[in-house]
Amino acid sequence: MLNNASLTPYLSHVKTLFNLLQDYVKGSYREIPWWSIGSVVTALLYILMPLDAVPDIIPIAGFLDDAVVLKLCLDMVRKDLDKYKLNKVASAHDESDASS
């Protein structure tokens, strides 16, 4: 799945979504509405399931539906994801200042 050309532009977003979920589960980032977390979980589960609306074994179309689901999710949670990224940058900056 990760080597498929239709999903390549979205790989960094997928990593960010996984990081967001990890931080949410750990409790280190909870400033996100429940529906955004639900959208992220649903999209990632859909992408990871090999048998979905269009099975991934079907060339191109099997991954195209995954890309569409991911794009819809990213469109829905764009503002919340941007806030999360800003929070991560600020946290990293604060940690580097504290260690100096």
Less than 4.0 angstrom from a charged side-chain N to a carboxylate O is my criterion; do Asp82 and Lys79 meet it?
no
Connecting only ILVMFWY residues whose side-chain heavy atoms lie within less than 4.5 Å of each other, what is the rest of Tyr46's hydrophobic cluster?
Val69
Same cluster for Met49 and Val14 if Ile/Leu/Val/Met/Phe/Trp/Tyr side chains link at under 4.5 Å?
no
Please tell me if the side chains of Asn19 and Gln22 come closer than 4.5 Å, counting only heavy atoms from C-beta onward.
yes
Euclidean distance, Leu44 CG relative to Leu21 CG, rounded to 0.5 Å:
6.0 Å
Gap separating the CZ atom of Arg78 from the NE2 atom of His13, nearest 0.5 angstrom:
5.5 Å
Applying ring-ring contact (aromatic ring centres under 6.0 Å, His included) to Tyr29 and not counting sequence neighbours gives Tyr84
List the steps, then state whether side chain to side chain contact (heavy atoms under 4.5 Å, CB included) holds for Val54 with Leu64.
CA-CA 9 Å; Val54 180; Leu64 190 58; over 6 Å; no
Kindly indicate, with the supporting measurements, whether the criterion side chain to side chain contact (heavy atoms under 4.5 Å, CB included) is fulfilled by Ile37 and Val41.
CA-CA 6 Å; Ile37 288 294; Val41 169; 4.3 Å; yes
Going by heavy atoms in the side chains, are Lys85 and Leu81 under 4.5 Å from each other?
yes
Between Leu17 and Leu74, does the side chain to side chain contact (heavy atoms under 4.5 Å, CB included) criterion hold? Intermediate values first, please.
CA-CA 9 Å; Leu17 292 174; Leu74 290 171; 4.1 Å; yes
One should read off an interatomic distance between Lys83 NZ and Leu20 CG, to the nearest 0.5 angstrom, of 12.5 Å
Would you say Lys88 and Thr16 make side-chain contact, with heavy atoms under 4.5 Å?
no
Side-chain contact, heavy-atom cut-off 4.5 Å: Cys73 with Thr42?
no
Residues Asn87 and Glu31: closest non-hydrogen pair is ND2-OE2, 4.4 Å
Do Val77 and Leu45 belong together in a cluster built from hydrophobic side chains that touch within less than 4.5 Å?
yes
